[in-house]
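For reference, the structure is listed below as structure tokens.
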Amino acid sequence: MAASMAGTCRYVSLHGSFILQRRTRLYLTLKSKFHCTSPAHNGLLFTLNKRGILKNSFPEDAAQDRLPRLLQSGAQTVYCGFDPTADSLHVGNLLAIIGLLHFRSAGHHVLAVLGGATAQIGDPSGKTSERERMSAEVVEENTRSIRESIQRIFTNHEVHFQDNSKKLGTVNVLNNLHWYKDWSVVGFLSEAGRHLRMGTMLSRHSVQTRLKSPDGMSLTEFTYQMFQAYDFHHLNQIYGCKIQLGGSDQLGNLMSGHEYIHKVSGEEVYGLTLPLVTSTVGDKLGKTAGNAVWLNRNKTSPFELYQFLVRQPDAIVKHYLKLFTFLPLAEVERVMEQQREDPEKRLAHKRLAAEVTKLVHGKEGLESAKRCTNALYHSSVQALEEMSDEELQELFREAPFHELLLEPGTTVIDACRSINAIPEGPRGYQMVLAGAVSINHMCADKPEQVLIPKLHILSNGLSLLKVGKKNFYIIKWLSL
């Protein structure tokens with residue numbers, strides 16, 4: 001099979017029109033055969049396909065019979081890789097984690113593999129130019145941060161979403177640097193390089209695209225697929241892993257892993273790809289206008305994640321409920337029916353936001369997002385009082401944070417001037433008189449008014465001061 005697959009790949013590279021037909025047929029094969037194959041009809045793959053989580057399978061006929069039967073024969077091991085090219089994953093990466101969570105919920109064992117080694121190589125898939133080289137120290141720190149994030153999400157899923165009557169599979173978060181750090185260049189090329197063919201590697205879509213670009217492709221990037229192929233082989237040998245999940249742009253790398261393992265051991269392994277999740281205008285989800293929505297709280301707060309999801313267009317919300325939540329499909333339909341009955345309440349959007357925020361940040365994160373929402377959009381003083389310093393700073397990320405000593409007789413104008421919120425002299429005084437200043441959502445138009453506890457100063461010792469429409473200041477009052 002490996003030889004015939006290599007031949008097929010060479011044919012694909014020479015016949016541009018055929019590649020589109022072949023990939024289209026591959027998708028149709030996946031979609032239709034989950035519906036017509038009896039062993040898979042009520043199985044995991046059928047469910048994932050109905051939710052839109054799966055796109056392609058490799059080999060093409062795997063979806064018809066062999067892979068469903070393998071999954072039904074007992075607990076299998078599935079892996080997905082994440083290169084730590086930043087210190088946090090973004091919301092577009094969440095679908096891959098959700099894919100692993102579905103497999104784990106079905107009793108299969110999952111491996112989340114962090115590319116501590118491969119991040120230093122650089123995956124050319126979907127890239128128009130080579131990534132800037134990352135130091136080992138930066139990659140190590142990114143790996144630590146992403147490991148914590150993935151473990152948090154798996155824990156949140158187990159605590160808040162898992163049916164206790166079902167037995168969960170195991171989960172391991174690994175770093176591929178651990179099995180590469182002791183290899184020499186000569187040793188690795190001698191071991192791994194002999195099992196891959198140049199013609200096949202050159203035929204990959206990611207390689208062809210980059211070779212035709214003005215900057216071309218470095219040898220470092222070209223070898224990336226060899227490393228990913230060896231990852232799959234290593235995991236197959238050590239953990240018995242037979243299934244790899246990856247984004248739709250990873251199909252070539254999945255094929256390389258299949259070819260490698262088949263040549264080395266003859267064992268049958270499989271690849272499943274996930275769709276690239278985009279907005280209604282074709283932007284990558286979470287990367288609209290270059291502003292990524294991250295999964296780590298220090299980069300994107302629970303409130304910001306919640307609001308990002310609440311603001312999704314009506315046309316996409318049902319699709320996202322199926323992809324990013326664990327609601328049964330019947331429940332998704334019920335939520336959408338409620339949405340149609342009263343669109344202005346945006347119940348589907350709020351349910352999407354709540355489910356995803358709870359998965360990423362836990363119940364506490366969801367409650368924080370709701371407090372921030374009430375404080376900002378519903379002028380809730382109670383919500384402000386319940387907020388921590390951290391939440392206030394997350395909510396008003398650009399707002400200056402000041403700690404002031406609360407002296408007896410401190411007035412509104414004193415507070416404003418102490419933090420340079422208004423101009424000095426008569427002009428600032430007139431701004432207060434004109435009603436340009438509010439404290440804790442209440443107009444503070446009396447400059448000489450002494451600050452009153454529980455009115456101007458909340459029970460948590462905080463004051464939210466606003467000048468004009470958009471200039472916020474947070475004051476933490478310190479007692480004498």
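Since this is a predicted model, take the numbers as computed values, not measurements. Nothing fancy with the numbering, it's 1 onward along the sequence.
- The main-chain N or O of Gly116 is found under 3.5 Å from a side-chain atom of Asn175 such that the two form a donor-acceptor pair.
- Looking only at atom types and distance, the side chain of Thr85 has no donor-acceptor partner in the side chain of Asn142 under 3.5 Å away.
- A donor-acceptor contact shorter than 3.5 Å is absent between the side chain of Thr118 and the backbone of Ile121.
- Counting only heavy atoms from C-beta outward, the side chains of Arg297 and Ser368 approach each other to under 4.5 Å.
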inquiry  = Could you walk me through whether Leu174 and Leu114 satisfy the side chain to side chain contact (heavy atoms under 4.5 Å, CB included) test, starting with their C-alpha distance in whole Å, then the side-chain angles of each, then the deciding distance to 0.1 Å, before giving a yes or no?
reply    = CA-CA 6 Å; Leu174 308 175; Leu114 306 182; over 6 Å; no
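- Annotation: the span from Leu254 atom CG to Leu272 atom CG amounts to 8.0 Å, rounded to 0.5 Å.
- How far CZ of Arg371 is from CG of Leu392: 10.5 Å, rounded to the nearest 0.5 Å.
- There is no side-chain donor-acceptor pair under 3.5 Å between Glu355 and Thr325.
- In summary, Glu267 and Lys242 engage in a salt bridge, as defined by a charged side-chain N under 4.0 Å from a carboxylate O.
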ask   = Checking side chain to side chain contact (heavy atoms under 4.5 Å, CB included) for the pair Asn49/Leu45: CA distance, chi angles, key distance, verdict?
value = CA-CA 6 Å; Asn49 185 65; Leu45 297 183; over 6 Å; no
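- Heavy-atom contacts from other residues, nucleotides or ligands closer than 6.0 Å to NZ of Lys370 number 12 or fewer.
- When atom types are taken as modelled, the side chain of Ser388 and the backbone of Glu391 share a donor-acceptor pair closer than 3.5 angstrom.
- Considering CG of Leu323 and CG of Leu94, their distance stands at 10.0 Å, rounded to 0.5 Å.
- The main-chain N or O of Gly74 is found under 3.5 Å from a side-chain atom of Gln76 such that the two form a donor-acceptor pair.
- Pairing each heavy atom of Met336 with each of Ala348, the nearest pair is SD-CB, 3.8 Å.
- For Lys358 against Lys363, the heavy-atom pair with the smallest separation is CG-N, 4.0 Å.
- Side-chain contact between Phe401 and Asp389 is present, with heavy atoms from C-beta onward closer than 4.5 Å.
- Side-chain contact between Gln307 and Tyr377: present, with at least one pair of heavy atoms (C-beta onward) separated by less than 4.5 Å.
- Smallest separation of non-hydrogen atoms from Phe82 and Ala112: CE1-CB, 4.1 Å.
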ask   = Are Arg104 and Leu100 close enough, and set up right, to give a side chain to side chain contact (heavy atoms under 4.5 Å, CB included), and what steps lead you there?
value = CA-CA 6 Å; Arg104 189 186 184 210; Leu100 291 177; over 6 Å; no
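- The number of heavy atoms from other shown groups lying within 6.0 Å of CZ (Arg340) is above 12.
- Rounded to the nearest 0.5 angstrom, Ser105 OG and Gln162 CD are separated by 4.0 Å.
- Without hydrogens or angle criteria, Glu304 side chain to Ser301 main chain gives a donor-acceptor distance under 3.5 Å.
- In summary, of the residues considered (Tyr260, Tyr230, Phe232), a ring-ring contact (aromatic ring centres under 6.0 Å, His included) with His195 occurs for Tyr260 alone.
- A salt bridge between Glu331 and Arg334 is present, with a side-chain N of the basic residue lying under 4.0 Å from a carboxylate O of the acidic one.
- Annotation: the span from Asn93 atom CG to Ile146 atom CD1 amounts to 8.0 Å, rounded to 0.5 Å.
- Ion pairing of Glu140 with Arg144 is absent here, as no side-chain N (NZ or NE/NH1/NH2) approaches a carboxylate O to less than 4.0 Å.
- Inter-residue side-chain proximity for His234 and Cys241 is flagged as unmet; no heavy-atom pair is nearer than 4.5 Å.
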message = Go through it in stages, so that I can follow the logic: the residues are Gln225 and Ser256, the test is side-chain hydrogen bond (donor to acceptor under 3.5 Å, both in side chains), and I'd like the CA-CA distance, side-chain angles, deciding distance and then a yes or no.
response = CA-CA 7 Å; Gln225 57 182 299; Ser256 293; 3.0 Å; yes
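- Of the N and O atoms on the side chains of Asp87 and Trp294, not one donor lies less than 3.5 Å from an acceptor on the other residue.
- Residues Lys50 and Leu329 meet the side-chain proximity criterion, which asks for heavy atoms closer than 4.5 Å.
- Taking all atoms of both residues into account, the shortest heavy-atom contact from Thr357 to Leu366 is CG2-CA, 3.9 Å.
- Between the side chains of Tyr79 and Asn236, no donor N or O sits under 3.5 Å from an acceptor N or O.
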query = side chain to side chain contact (heavy atoms under 4.5 Å, CB included) between Leu395 and Met387: does it pass, once the steps are laid out?
reply = CA-CA 10 Å; Leu395 178 57; Met387 291 172 68; 3.6 Å; yes
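- If you check the side chains of His349 and Gln339, you find a donor sitting under 3.5 Å from an acceptor.
- Residues Val173 and Phe154 form no side-chain contact, since every pair of their non-hydrogen atoms from C-beta on lies 4.5 Å or further apart.
- Taking all atoms of both residues into account, the shortest heavy-atom contact from Ala353 to Val310 is CB-CG2, 3.5 Å.
- Checked by atom type, the side-chain pair Ser190/Arg194 shows a donor-acceptor distance below 3.5 Å.
- Using a 4.5 Å heavy-atom cutoff, the side chains of Tyr473 and Asn471 are in contact.
- For the 3.5 Å distance criterion, the side chains of Asp231 and Gln228 fail to qualify, holding no donor opposite an acceptor.
- Between Arg197 and Glu259, no side-chain nitrogen of the basic residue sits less than 4.0 Å from a carboxylate oxygen of the acidic one, so the salt-bridge criterion is not met.
- Looking at His233, its side chain never comes within 3.5 Å of a backbone N or O of Ile261 through a donor-acceptor pair.
- The shortest distance between side-chain heavy atoms of Leu89 and Ile97 falls below 4.5 Å.
- In this structure, NE2 in His90 is found 8.5 Å from CG in Leu295, a value given to the nearest 0.5 Å.
- Nearest heavy atoms, Lys469 versus Phe472: O-CE1, 4.4 Å.
- Aromatic rings of Tyr239 and His109 (six-membered ring for Trp) have centroids beyond the 6.0 Å cut-off, not under it.
- Below 30°, between 30° and 60°, or above 60°: for Phe161 and His157 the angle between ring planes is below 30°, a parallel geometry.
- Judged by distance alone, the side chains of Ser145 and Asn296 do bring a donor and an acceptor atom under 3.5 Å apart.
- Side-chain contact, Thr273 with Gln250: no donor N or O sits under 3.5 Å from an acceptor N or O.
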task = Could you check His258 against Gln244 for side-chain hydrogen bond (donor to acceptor under 3.5 Å, both in side chains), going step by step and ending with a plain yes or no?
result = CA-CA 10 Å; His258 178 277; Gln244 180 182 358; over 6 Å; no
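- Aromatic rings of Phe227 and Phe188 (six-membered ring for Trp) have centroids within the 6.0 Å cut-off, being under it.
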